[in-house]
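As the structure lists them, so they are numbered: ligands from 1, and atoms in each ligand from 1.
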Amino acid sequence: MAISVFDLFKIGVGPSSSHTVGPMRAGALFVQGLRERGDLAQVRRIEVRLYGSLSATGVGHGTDNATIMGLMGEWPDAIDPTQIAPRIAQLRETNVLQLDSQLPIEFVWARDMLLLDENLPYHPNAMTLVAEGEAGELHRDTYYSVGGGFVVDAAQAASGVLDADQTVLPYDFNSAAELLRLCKQNDLRVSQLMMANEKVWRSEAEIRAGLLKLWQAMQECVNNGLKYEGTLPGGLNVRRRAAKLHRSLQELGKPNVIGSTMSAMEWVNLFALAVNEENAAGGRMVTAPTNGAAGIIPAVLHYYMRFSDVVDESNVVDFFLGAAAVGILCKKNASISGAEVGCQGEVGSACAMAAAGLAEVLGATPAQLENAAEIALEHNLGLTCDPVGGLVQVPCIERNAIAAVKAINAVQMALRGDGEHFISLDQVIRTMRDTGADMHDKYKETSRGGLAVSAIEC
Ligand code: SF4
């Protein structure tokens, strides 16, 4: 399986990569298939069946709405997030779905949007889409949203190929040990090795431009998050805090050096809160590597870019590439999906990726980078996914701020050493996988355990 940095970082919409971005992609892929097979004009009815975690927490995550937008032909990286609510409201009022934005068909929400208390094989985030014509069923397909906005269809899942990209990379690695060996043998930094791999898909100029576009989107997301106040949607009445905190910090003034001051950590908190509040509000996002954990990497990158003395765009590129190397290891050897392994796979992976990115731009050796990622991930092991009300708000928003600070601390500790350490990153990733396998389903994005239950009981 070949994974690109652009698979791990994608422009999309909130609040969830697996429950919003993935389902929208699934809907759009289904319609694309109907169009390509010449079936589109014959469709008279569409049925959406949501299973497992998509059903359990799908309404809170906007899975139903996102799937419909996909069926309207919208893609997560291009849709205007502000248009989702009015278009859904219109559909519900008229019972008319504009399939692929061109074919009006009847869609009765209560009849055609089914939230089923069942699981399908292969993955807990599953959905089946059925298209019917005058004479009966035209086509159906099942999709699995496997985390981070990745979607595979039933055929890919059945063949065991959960990622279709079998591209051969010049420096392919399946473990941190292999990554370190390749860096040493070829005298490469982690970002240099990653750039060589990425050039299989795109030119260096395209890679740099694409990564800077992601950085731009992250900055816009933070700025939007600092603009809005009030409560977040969904009914929990969670107040947005970033705008107020921003005003307080501006009064204090920014710390003048990158360092371990308390006030610098407050800015890190601020960047993460801004992103995750914007995500919870369904705004424009960069999935990094999921939406629930999307605040950690931008918070650490903002911290570095704003408070370092000498920075330029090449640092942004190197940060993303260093972070992606660790994201690839987490995805290949465990999971970045909360529905599969709990929050350790989302926030834990993002924390380790942020640590790797920061270590890379601070000049860490590959061994120190691996150490930083290992420390960051190790101290997220066992973290469950228990969002209150199925919304990506509590504990998700604060959890990102805490993890961003943890990533910075992990880098500080790793840079004080020479890369030698007791537990390897590979061992920690394996532990995350095994812990996730042992974790009860109620702690894996079903909102049936943990805080999700305690908060309701109180
Ligand atoms: S608890 Fe963690 S994994 Fe679960 S929705 Fe929140 S951020 Fe995602």
How far is atom 2 (Fe) of ligand 1 from its nearest protein heavy atom, and which residue and atom is that?
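Of the protein heavy atoms, C343 SG, 2.3 Å lies nearest.
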In a check of side chain to side chain contact (heavy atoms under 4.5 Å, CB included) between R189 and each of M194, E360, M195, which one passes?
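Only one of M194, E360, M195 forms a side chain to side chain contact (heavy atoms under 4.5 Å, CB included) with R189, namely E360.
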Numbering as shown, the atoms of ligand 1 that approach [X] to under 4.0 Å (heavy-atom distance):
X	value
E346	3 (S), 8 (Fe)
R399	1 (S)
C385	1 (S), 3 (S), 4 (Fe), 5 (S)

Name the residue from F9, Y304, W215 that meets the ring-ring contact (aromatic ring centres under 6.0 Å, His included) definition with F320.
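The ring-ring contact (aromatic ring centres under 6.0 Å, His included) with F320 is passed solely by F9 among F9, Y304, W215.
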What orientation do Y303 and F307 show, parallel under 30°, tilted 30 to 60°, or perpendicular over 60°?
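Ring orientation, 0 to 90° scale: perpendicular.
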Rounded distance (nearest 0.5 Å) linking atom CD1 of I79 with atom CD1 of I84
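Rounded to the nearest 0.5 Å, the CD1-CD1 separation comes out at 4.0 Å.
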Any chance the side chains of S424 and D426 put a donor and an acceptor closer than 3.5 Å?
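No, no side-chain donor-acceptor contact under 3.5 Å.
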Nearest to atom 5 (S) of ligand 1 by heavy atom, G450, C396, G295: which?
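Comparing heavy atoms across G450, C396, G295, the nearest one to atom 5 (S) of ligand 1 lies in C396.
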